[in-house]
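In each ligand, atom 1 is the first atom listed, and ligand 1 is the first ligand listed.
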Amino acid sequence: MEAHYEKLEAEWSSVDGSLEYERLVVPTGNSDSPFHRWFHLKEAFSVDLLPTILKQLSFEGMSELRVLDCFAGGGTTLVSALETSSQVRVKATGIEQNPFLYHVSNSKVRALQAGPHLAQQLRKGFEEVRRLYVSDYPLLTNPPALSTFSNEAYFPPSLLTSLLRIRAAVEYSVLPAVARDLLLTAAASCVESSSRLRRDGRALRYASERQPREPWIEFSNRVEQMIEDTENSQSTTGLASVLLGDGRRPLLHIDESEKKDLVIFSPPYPNNIDYTEIYKTEAWYLGFYEDAEQFRSQRHRTLRSHPSVRFSDEYEYESSGDSEAVRELLDPILAAVPDDRYAAGRRQLIKGYADDMLTLFRHCRKIIASEGRLVYVVGNSAHGSGDALFVIAADLMMARLAELANWRVEEISVARSLRRRVTNSRFLRESVVTLSPA
Ligand SMILES: C[S@@+](CC[C@H](N)C(=O)[O-])C[C@H]1O[C@@H](n2cnc3c(N)ncnc32)[C@H](O)[C@@H]1O
């Protein structure tokens with residue numbers, strides 16, 4: 001398989017990009033930057049990535065810039081785009097499938113576009129919520145129907161009641177829509193810190209040693225940050241919006257005539273991380289799922305990068321003109337999957353991921369401007385263990401699939417090595433790949 005990857009890589013220009021990108025493929029600076037800091041997404045890229053890419057591509061001098069992020073997450077691209085809009089007229093669009101992350105990114109971009117008067121609305125709204133919260137008013141504080149919330153080791157009962165009372169107080173208050181959504185974002189961003197659960201990058205884990213924080217204090221601090229950031233914000237001339245939907249198929253949401261100068265995204269990596277799971281407590285807390293069935297359907301709507309649900313074993317590429325080329329690409333990877341009890345799930349993951357990426361590149365190709373670029377950030381991952389360990393080189397796999405969708409691979413820039421004790425493969429890495437329309 002290493003030979004297969006070597007051969008693939010030799011077809012393109014591959015460079016060491018660690019100097020520019022090592023710190024930008026992770027959320028460097030996000031927790032200190034206004035607006036970005038409102039919800040910390042561990043899997044985000046840096047607030048500085050977009051400006052760096054614009055410079056690299058010599059796009060900063062353009063009078064107008066149309067940007068699309070198909071996997072908007074916490075909205076890093078969109079907020080960064082709005083922040084550059086003092087130099088360029090920006091129109092940025094994001095697509096996000098997770099209802100909670102959509103809520104977060106949407107509330108951030110609406111706040112940035114609302115301007116400084118929002119600070120006043122937030123201050124008034126917070127005061128109203130506080131009055132209700134401390135009153136004797138009987139607010140509805142039923143816990144969400146997710147068993148995690150009824151585990152007293154995870155959520156100490158008094159803190160849970162307080163969290164639920166904050167949410168109810170926001171919902172009962174009469175507030176302008178943007179202020180209300182922001183206060184809900186602030187409330188949801190206290191869920192993890194008010195519990196003994198910790199997101200460790202792969203899953204939500206029980207951390208018995210953790211001292212949960214008092215929700216009202218956490219909430220007040222978050223709202224205080226929002227007031228400070230909106231008060232100090234410059235009014236932006238840029239436009240940004242987020243759509244709740246499937247980023248693999250942007251043409252479902254965007255007309256083919258609405259060309260983009262830059263499509264930039266970091267998709268879920270094929271490393272088994274399931275965003276629906278990782279951000280489930282916040283999503284249930286805000287009422288985005290009412291029962292287990294809705295939660296399961298949400299998982300089915302996500303990119304096939306994880307085996308949390310059994311996706312159908314059907315692949316569009318198999319009935320397309322590219323089926324032979326995709327098979328040539330995938331066969332050596334599929335052959336490296338060890339024959340153990342995970343084999344079927346792993347093969348499905350590889351085929352499903354490739355199928356989704358091919359669809360995505362085809363859609364994006366139709367909306368890219370003739371001088372436009374597509375930039376993706378992706379990490380490769382190791383699966384299995386011991387002698388049976390194998391690497392899914394998503395950067396190379398995606399580059400080949402992009403070619404099949406009529407893109408030219410301009411450069412694979414290796415941002416950082418992820419080498420672990422378990423493997424020495426140089427393909428275990430995270431890359432920034434630039435494509436142009438062929
Ligand atoms: C690596 S994160 C993106 C983080 C983003 N770049 C940021 O800085 O916040 C990948 C995102 O893809 C989302 N996602 C998964 N499947 C999706 C789909 N089918 N359509 C759109 N978004 C999806 C996940 O919910 C997650 O937010």
Proximal ligand 1 atoms for [X], defined as those under 4.0 Å from one of its heavy atoms:
{"X": "Ser266", "answer": "1 (C), 2 (S), 3 (C), 10 (C)"}
{"X": "Leu101", "answer": "25 (O), 27 (O)"}
{"X": "Arg301", "answer": "19 (N)"}
{"X": "Asn98", "answer": "25 (O)"}
{"X": "Gly245", "answer": "20 (N), 21 (C)"}
{"X": "Gly247", "answer": "18 (C), 20 (N), 21 (C)"}

Do Arg299 and Phe295 meet the cation-pi criteria used here (NZ or CZ under 6.0 Å from the six-membered ring centre, within 45° of the axis)?
yes
Can you find a non-hydrogen atom of Ser105 under 4.0 Å from ligand 1?
no
Run the contact test for Cys70 against ligand 1 with a 4.0 Å cut-off on heavy atoms, strictly below, and give the result.
yes
Donor-acceptor side-chain pairing of [X] and [Y] below 3.5 angstrom:
{"X": "Gln225", "Y": "Arg222", "answer": "no"}
{"X": "Thr76", "Y": "His36", "answer": "no"}
{"X": "Ser320", "Y": "Asp322", "answer": "no"}

Would you say the ring centroid of [X] lies under 6.0 angstrom from that of [Y]?
{"X": "Phe100", "Y": "Phe39", "result": "yes"}
{"X": "Tyr353", "Y": "His306", "result": "no"}
{"X": "Trp216", "Y": "Phe126", "result": "yes"}

Closest protein heavy atom to [atom], given as residue, atom name and distance to 0.1 Å:
{"atom": "atom 18 (C) of ligand 1", "value": "Gln97 CB, 3.5 Å"}
{"atom": "atom 16 (N) of ligand 1", "value": "Leu303 N, 3.1 Å"}
{"atom": "atom 19 (N) of ligand 1", "value": "Asp246 OD1, 2.9 Å"}
{"atom": "atom 15 (C) of ligand 1", "value": "Pro268 CG, 3.5 Å"}
{"atom": "atom 2 (S) of ligand 1", "value": "Tyr275 OH, 3.5 Å"}
{"atom": "atom 14 (N) of ligand 1", "value": "Phe71 CD2, 3.9 Å"}
{"atom": "atom 25 (O) of ligand 1", "value": "Glu96 OE2, 2.6 Å"}
{"atom": "atom 8 (O) of ligand 1", "value": "Thr76 OG1, 2.6 Å"}

Salt bridge flag under 4.0 Å for residues Arg199 and Glu43:
no
Glu316/Arg248 salt bridge by N-O under 4.0 Å criterion:
no
So, Lys260 side chain and Gly372 main chain: donor-acceptor pair closer than 3.5 Å or not?
no
With heavy atoms under 4.0 Å as the rule, classify the contact between Thr302 and ligand 1 as side chain, backbone, both or neither.
both
What orientation do Phe265 and Phe361 show, parallel under 30°, tilted 30 to 60°, or perpendicular over 60°?
tilted
Give yes if a backbone or side-chain nitrogen or oxygen of Phe45 is under 3.5 Å from a nitrogen or oxygen of ligand 1, and no if not.
yes
